[in-house]
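Okay, so here's the structure we're looking at.
Below, chains carry the letters A, B, ... as their sequence lines are ordered, and counting in each starts from 1.
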There are 2 protein chains.
Amino acid sequence: MSTSTYEKHLCPVAQALVDLGDQWTLLIVRDALSQKQIRFNELQESLGISRNLLTRRLVQLVEAGILERVGVEGSKRLAYQPTDKCRDLRLVILAMASWGEKWRPDPRLTRVETTRKSTGAPVELAFVDPDGARVPLSDVRVTRRRP
Amino acid sequence: MSTSTYEKHLCPVAQALVDLGDQWTLLIVRDALSQKQIRFNELQESLGISRNLLTRRLVQLVEAGILERVGVEGSKRLAYQPTDKCRDLRLVILAMASWGEKWRPDPRLTRVETTRKSTGAPVELAFVDPDGARVPLSDVRVTRRRP
DNA sequence: AGTTTCGGTTGACTTTGTGAACTGATTTCG
DNA sequence: CGAAATCAGTTCACAAAGTCAACCGAAACT
């Protein structure tokens, strides 16, 4: 499927998948979010992706404004840095991580823990209403509104 | 990439992508979640996916326990129904939808609205601490803990 | 009874991903 | 300083995955 196939769908999920739908993209983003900047070879070795495909994915991610290609300070080598658009993907990635932990449990798996920087208390992804009260999934209604 | 490539990564995000990483899978799940049960032809026409690939994806989703293949009541025709494992993906899909709305805005796009069934109040995805207080993304620390 | 719809399957073709080897700049080391 | 190693890719042959159109038997309308 080409990304243009997705683009025809007038749905924000399909639109998100224009940028994220390729097979390795979310793992590249995950790795990019784990440090201030990341190098080509670091990504290639961490993921085991083929080098030419990694090249293409990085070009796409830079074009999409999700990563920035920057020089490493004090050297002429390159690195990739997450943008705000990338940092906002933490919600998506953490939602996936918690689904993965729940539904594909494996004792060898690393656990992803989210805590509050200021207090150290554990935090969770949840639905909240305007008063800040937690709303259980069973009480959430999803509607698609045409523009 | 074969799904087994993902499986080698001991990370819950990679594990989630074993089930979800194929190109059309999340859109199939999105459509499956939009009604009690959905037919093969409905999916094929809604997505524009090729029929033989849809067949393969549905087999995978059933094997993964994300969809169930059921008979339509009062007929011998088939349909696919979301399981609990599938319903838990609403968090992932809604996180993607809100990212898509924010970062790939388009006036023609349908908006996805989440409201509280009981009160009708709008609800949002957010991080909350044990007291139920909302925690801004900038105050969330993510750590990967080895088992 | 004949036609349409459904839920696929089949097979030829195109696109995408893989793996290994190569390249020309940088950096490190003796 | 010169040689070797590392970096960030590129190239190319091959394998895997997706697309499109045509076909199929069973079920459902008419």
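You'll find a donor-acceptor pair under 3.5 Å spanning the side chain of Asn52(A) and the base of dG19(C), going by distance alone. Counting distance only, with no hydrogens placed and no angle test, the side-chain atoms of Arg39(B) and the base atoms of dG7(C) include no donor-acceptor pair under 3.5 Å.
Summarising the geometry, the separation between NZ on Lys76(B) and C1' on dC29(D) is reported as 15 Å, rounded to the nearest angstrom. As rounded to whole Å, 16 Å separates atom P of dC7(D) from atom CZ of Arg69(A). In this structure, Leu43(B) atom CG and dG8(C) atom P are separated by 11 Å, rounded to whole Å. In this entry the distance linking CD of Gln60(A) with C1' of dT16(C) reads 11 Å, nearest Å. Spacing between atom CG of Leu78(B) and atom C1' of dA26(D) amounts to 11 Å, rounded to whole angstrom units. If you take CG of Leu53(A) and C1' of dT11(D), they are 15 Å apart, rounded to a whole angstrom. Note: CD (Gln44(A)) to P (dA20(C)) measures 11 Å, nearest angstrom. The distance from atom CG of Asp22(A) to atom P of dA17(D) is 15 Å, rounded to the nearest whole Å.
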Worked check of side-chain contact (heavy atoms from CB on, under 4.5 Å) between Val112(B) and Ser98(B): CA-CA 8 Å; Val112(B) 174; Ser98(B) 90; over 6 Å; no
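In this structure, Arg30(B) and Cys11(A) have side chains that are in contact, with non-hydrogen atoms separated by less than 4.5 Å.
Phosphate proximity of dG8(C) to Arg77(B): absent, as no side-chain N or O sits under 4.0 Å from OP1 or OP2. For dC6(C), neither phosphate oxygen OP1 nor OP2 lies less than 4.0 angstrom from any side-chain nitrogen or oxygen of Tyr80(B). In this model, the phosphate group of dA17(D) is not approached by any side-chain N or O of Trp24(B) to a distance below 4.0 Å at OP1 or OP2.
Checking Glu42(B) against Ser50(A), the closest nucleotide of DNA chain C that is more toward the 5' end is the one next to Glu42(B). Position along DNA chain C of the nearest nucleotide to Ser75(A) versus Arg56(A) favours Arg56(A) as the more 5'-ward residue.
Checked against dG18(D), dG9(D), dG17(C), the side chain of Arg51(A) finds its nearest nucleotide in dG9(D).
Among all heavy-atom pairs drawn from Lys85(B) and Trp99(A), the shortest one is O-NE1, 3.0 Å.
The residue from Leu43(A), Ile93(A), Leu47(A) that alone fulfils the side chain to side chain contact (heavy atoms under 4.5 Å, CB included) condition with Leu27(A) is Leu47(A).
Heavy atoms from other residues, nucleotides or ligands lying under 6.0 Å from CD of Glu124(A) number 12 at most.
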